[in-house]
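As the structure is a computational prediction, the values presented were derived from the model and not from experiment.
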Amino acid sequence: LSLKFGDIGNLKGLVIRFLLTTTYYQLSVQNWFSLHRLQLLYNHSVQATFNATRIYAPASYSYHCEHVSSLQRYDALLIPSSANDLSKLWEVTFIDFQIQGFNIQEGHFAYAKDCASFFSPAILMGLVMSLILLLVLAYALHMLIHLKSLDRHYECKASPAYFAQMKDNDMGDEKEPLRSSGNESYELRNQQFCKIYI
């Protein structure tokens with residue numbers, strides 16, 4: 001697949017060539033296409049060659065990616081073919097890149113297989129937060145299940161209480177005994193007391 005731009009500045013006859021291959025995989029029972037190599041041509045000669053990585057899709061689909069680039073900050077899907085090649089002098093970046101090499105119908109792209117990973121940083125962060133919340137919930141349920149119930153039984157009785165009269169032994173010699181020398185007891189009537197069993 002060739003994209004011809006004509007003359008751009010000092011570049012005479014700039015052409016970007018995409019070399020696509022198709023392969024049948026028995027596991028998926030269908031053909032897949034992949035971008036094998038990208039070449040930059042100008043002045044009617046190949047000036048730079050990049051090997052493409054991870055750019056593939058089923059043959060009935062198209063491939064889409066936000067950035068296809070030779071720069072590391074865009075994940076470098078295009079890698080210079082050799083250290084001695086002039087591709088080291090080039091920086092190539094396609095923005096909103098979409099390609100389909102086979103089974104094109106009515107000049108429109110088919111359903112796109114996106115390059116976004118299933119485990120992008122945002123998705124991983126969401127999974128980690130969900131795991132933390134699940135652990136907190138499991139701990140709370142564990143604490144609730146093993147919480148001992150405080151069954152309180154109240155037993156209230158109306159019974160008289162008896163208190164013996166207290167005498168001060170030290171002051172016994174100085175005070176006159178009241179009425180008799182025996183112990184006197186006083187009854188507190190209608191005094192309620194409760195026993196609490198836990």
Side-chain angles (χ1 to χ4, degrees), residues 1-140:
L1 176 65
S2 296
L3 299 179
K4 297 181 180 180
F5 293 94
D7 297 340
I8 300 177
N10 296 328
L11 303 177
K12 304 299 182 184
L14 177 64
V15 177
I16 300 177
R17 182 182 295 166
F18 301 92
L19 301 176
L20 301 163
T21 59
T22 180
T23 309
Y24 179 78
Y25 291 99
Q26 291 182 353
L27 188 62
S28 61
V29 197
Q30 62 180 335
N31 288 319
W32 285 63
F33 82 88
S34 60
L35 178 59
H36 182 62
R37 187 174 293 128
L38 181 140
Q39 293 178 338
L40 297 176
L41 297 87
Y42 72 93
N43 295 334
H44 308 291
S45 64
V46 176
Q47 299 297 319
T49 302
F50 295 89
N51 293 328
T53 59
R54 304 194 311 272
I55 300 177
Y56 52 83
S60 58
Y61 287 43
S62 64
Y63 174 87
H64 175 265
C65 196
E66 188 66 29
H67 293 97
V68 171
S69 176
S70 61
L71 302 177
Q72 288 298 328
R73 68 172 175 266
Y74 294 128
D75 202 17
L77 296 177
L78 301 175
I79 300 170
S81 59
S82 68
N84 298 327
D85 195 2
L86 292 176
S87 55
K88 285 285 187 182
L89 304 175
W90 289 77
E91 291 181 354
V92 179
T93 301
F94 297 99
I95 298 173
D96 197 18
F97 178 82
Q98 188 166 1
I99 191 170
Q100 182 177 350
F102 308 98
N103 300 325
I104 299 172
Q105 296 179 359
E106 300 179 1
H108 298 290
F109 283 116
Y111 178 81
K113 176 190 176 293
D114 204 276
C115 67
S117 173
F118 289 108
F119 293 101
S120 63
I123 292 174
L124 286 176
M125 197 64 186
L127 289 174
V128 169
M129 292 303 297
S130 299
L131 181 62
I132 291 172
L133 290 175
L134 282 175
L135 289 175
V136 170
L137 180 61
Y139 179 73

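Within the structure, disulfide bond (SG atoms under 2.5 Å apart) contacts touching residues 16-70 (residues at least two apart or in different chains) are Cys65-Cys115. The stretch residues 28-50 participates, sequence neighbours left out, in no salt bridge (charged side-chain N to carboxylate O under 4.0 Å, His left out) pair at all. For residues 96-107, there are no salt bridge (charged side-chain N to carboxylate O under 4.0 Å, His left out) pairs, not counting sequence neighbours.
Of the candidates Phe102, Tyr56, Tyr24, Tyr56 is the only one forming a side chain to side chain contact (heavy atoms under 4.5 Å, CB included) with Trp32. Put simply, the residue from Ile95, Asp75, Leu77 that forms a side chain to side chain contact (heavy atoms under 4.5 Å, CB included) with His67 is Ile95.
Residues meeting the side chain to side chain donor-acceptor pair (under 3.5 Å) test with Thr53, sequence neighbours left out: none. Listed by chain and residue number, nothing satisfies the side chain to side chain donor-acceptor pair (under 3.5 Å) test with Thr49 (two or more places apart in sequence, or in another chain). Partners of Phe5 under the ring-ring contact (aromatic ring centres under 6.0 Å, His included) rule, at least two apart in sequence or in another chain, do not exist in this structure.
Across every non-hydrogen atom of Ser62 and Ala110, the tightest pair is OG-O, 3.0 Å.
Heavy atoms of other residues, nucleotides or ligands lying less than 6.0 angstrom from CZ of Phe109 number more than 12.
No side-chain heavy atom of Leu131 sits less than 4.5 Å from a side-chain heavy atom of Leu127. At a threshold of 4.5 Å between non-hydrogen side-chain atoms, the residues Ile99 and Leu20 count as touching.
With values rounded to the nearest 0.5 angstrom, Phe50 atom CZ is found 10.0 Å from Ile16 atom CD1.
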